[in-house]
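Encoded as structure tokens, the structure appears first; notes follow it.
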Amino acid sequence: MPLALLALAVGAFGIGTTEFVMMGLLPNVADDLHISIPTAGHLVSAYALGVVIGAPLLAAVTARMPRRRVLIGLMVLFVTGNALSAAAPDYHWLMAARFLSGLPHGAFFGVGAVVATGLVAPERKARSVSLMFLGLTVANIVGVPVATAMGQQLGWRATFLAVSAIGLAAIAALALLVPADHGHGESGGLRGEIRALGSVPVWLALGTTVAGFGALFSAYSYVTPMLTDAAGYAESSVTLLLALFGVGATAGNLLGGRLADHSLRGTLFGGLTALVVVLALFPVLMGTAWSAALAVTLLGMAAFTTGSPLQLMVMEKASAAPSLASSANQAAFNLANAGGAWVGGLALAAGFGVTSPAVVGAGLAVLGLAVAGVAYVVDLRSPGSVPVPGSASVPAAGGERLVASGEPRRERASR
């Protein structure tokens, strides 16, 4: 695997850290800015809103620019947003800075996925995407706990300065390690890209992402009360258990990337099926301490096994605009985050018990399987298309394959 993937992983590590660290720093931010914790919670929503808006927008307006330049520009925006967060004089300025920090998130992963697949041979594309996402999953194991501890000891502003430093390291790595692409992205213009994104197969792939990861966040958003109220853990133990989730997510991400290179659809269906089983067993697994720890680990593994297949599926279905489609999929991940948490909260509010969000999540995972099945049937019935069960092809970056010299080499994407 080329070293350029390391540069993408460093950027993903910084993005993953800044996305999740705010949840651990909410009390510190609330005390310092003299606001309530629920009000401080809107800072998390501001970041997510930035992701949803920025992902397709920035990918669309930069689609015809050289991709290495786009990635560096997105990380510059990321560093700026986090530096402004550290310097924010009040709550409203911090809210704006967090929104700005979220804008490059989805576009970076979207464009990065296209670059990653263009750096490797066709049979390693899913693995390349999983290695880029490795930065995101490792951030949950190392980045978020360390950054949270730093914020608690040195003040929350120090955390965002540290994240800005990670962003600067990512910029240097991108400039040094990612080959220069002298070609451009999609050539159909903004209208062509939006047209490519508007097809039924693309929306079915995005719908699978929303339902599948909505299942994850339906349960994960309320995993702390499950662990304390159902499994009997002390609140001080929750941080370590959430690190186990990160371990499972990292293992699932790497496993999914390797398996998807052999059978993309098979990996997607298998991951979603595993997610249904794990979530359905959550009420039982939360009955003892050891099985609850196992459940959290398996949840991360099952969910993130589907990450690379879903990313590649969307890119395949919008082959005329892979950067835009890949970025839109990141917006879908964040919609899944918000929607899953909302649906899981409805089950809690209705009084169905502390583990009920996991059961709701199992239902969402079944919905994701159904949408993926419909997508497969649509593929089978597409004119001139004879998809092989369990496989999918993905175009390289704009039809080009990057090589170490930086010169693009034309390859015909197989179908």
Side-chain angles (χ1 to χ4, degrees), residues 16-32 35-41 43-44 136-156 158-159 162 215-252 275 278-304 337 340-362:
T17 301
T18 200
E19 178 182 16
F20 295 108
V21 75
M22 179 58 75
M23 300 170 188
L25 294 178
L26 285 182
N28 307 78
V29 173
D31 289 343
D32 187 54
I35 56 177
S36 67
I37 288 181
T39 300
L43 297 169
V44 177
L136 180 65
T137 57
V138 170
N140 283 282
I141 304 173
V142 179
V144 174
V146 171
T148 300
M150 177 183 292
Q152 292 169 346
Q153 297 298 320
L154 303 177
W156 61 270
T159 294
L216 165 65
F217 287 110
S218 176
Y220 187 64
S221 299
Y222 305 99
V223 72
T224 296
M226 290 187 208
L227 290 170
T228 55
D229 297 349
Y233 278 101
E235 289 186 4
S236 58
S237 303
V238 171
T239 301
L240 177 60
L241 291 164
L242 295 184
L244 287 179
F245 173 84
V247 171
T250 300
L275 189 58
V278 171
L279 288 171
L281 291 176
F282 241 62
V284 177
L285 294 174
M286 283 292 158
T288 62
W290 71 268
S291 59
L294 176 64
V296 171
T297 307
L298 292 177
L299 177 63
M301 180 176 288
F304 279 85
N337 189 339
W342 177 69
V343 174
L346 290 179
L348 278 179
F352 291 120
V354 71
T355 60
S356 60
V359 179
V360 173

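The shown structure was predicted, so the numbers you read here are calculated from the model rather than taken from an experiment.
A heavy-atom distance below 4.5 Å is found between the side chains of Phe304 and Leu216. Between Asn28 and Asp32, every side-chain heavy-atom pair lies at or beyond the 4.5 Å cut-off. Taking 4.5 Å as the limit, some side-chain heavy atom of Leu275 sits within range of a side-chain heavy atom of Leu279. The closest side-chain heavy-atom distance from Leu242 to Val223 is below 4.5 Å. No side-chain heavy atom of Val278 sits under 4.5 Å from any side-chain heavy atom of Met301.
In terms of heavy-atom proximity, Ile141 sits nearest to Ala243 at CG1-O, 4.1 Å. Shortest non-hydrogen contact noted between Ser218 and Gly344 is OG-CA, 3.5 Å. When all heavy atoms of Met286 and Ala292 are compared, the closest pair comes out as SD-CB, 3.7 Å. Closest non-hydrogen pair, Phe282 versus Val296, comes out as CZ-N, 4.4 Å. Considering all non-hydrogen atoms of both residues, Ala358 and Ala219 come closest at CA-CB, 3.9 Å. Between Gly16 and Val144, the shortest heavy-atom contact is O-CG2, 4.1 Å.
Between the OG1 atom in Thr355 and the CG atom in Leu227 there is a gap of 11.5 Å [rounded to 0.5 Å]. Expressed to the nearest 0.5 Å, how far CG of Asn337 lies from CH2 of Trp342 amounts to 15.0 Å. The CG atom of Leu154 lies 7.5 Å from the OG1 atom of Thr159; values are rounded to the nearest 0.5 Å. Here the OG1 atom belonging to Thr17 is positioned 9.0 Å from the CG atom belonging to Leu136, to the nearest 0.5 angstrom. Taking CE from Met22 and CH2 from Trp156, the interatomic distance works out to 7.0 Å, rounded to the nearest 0.5 Å.
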- Step-by-step side-chain contact (heavy atoms from CB on, under 4.5 Å) determination, Leu240 to Ser237: CA-CA 6 Å; Leu240 177 60; Ser237 303; 5.7 Å; no
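Evaluation of the side chain to side chain donor-acceptor pair (under 3.5 Å) rule for Thr228 yields no partner, not counting sequence neighbours. For the side chain to side chain donor-acceptor pair (under 3.5 Å) test, residues two or more places apart in sequence or in another chain that qualify with Thr288 are Trp290, Ser291. Listed by chain and residue number, nothing satisfies the side chain to side chain donor-acceptor pair (under 3.5 Å) test with Asp31 (two or more places apart in sequence, or in another chain). In terms of the ring-ring contact (aromatic ring centres under 6.0 Å, His included) criterion, residue partners of Tyr220 (sequence neighbours excluded) are, by chain and number, Phe245.
No donor-acceptor pair closer than 3.5 Å links the side chain of Tyr222 to the backbone N or O of Pro357.
Within the structure, side-chain hydrogen bond (donor to acceptor under 3.5 Å, both in side chains) pairs that include any residue of residues 136-154 comprise Thr137-Thr250 (at least two apart or interchain). Sequence neighbours left out, the pairs with a member in residues 18-27 that pass side-chain hydrogen bond (donor to acceptor under 3.5 Å, both in side chains) are Thr18-Asn82, Thr18-Arg98.
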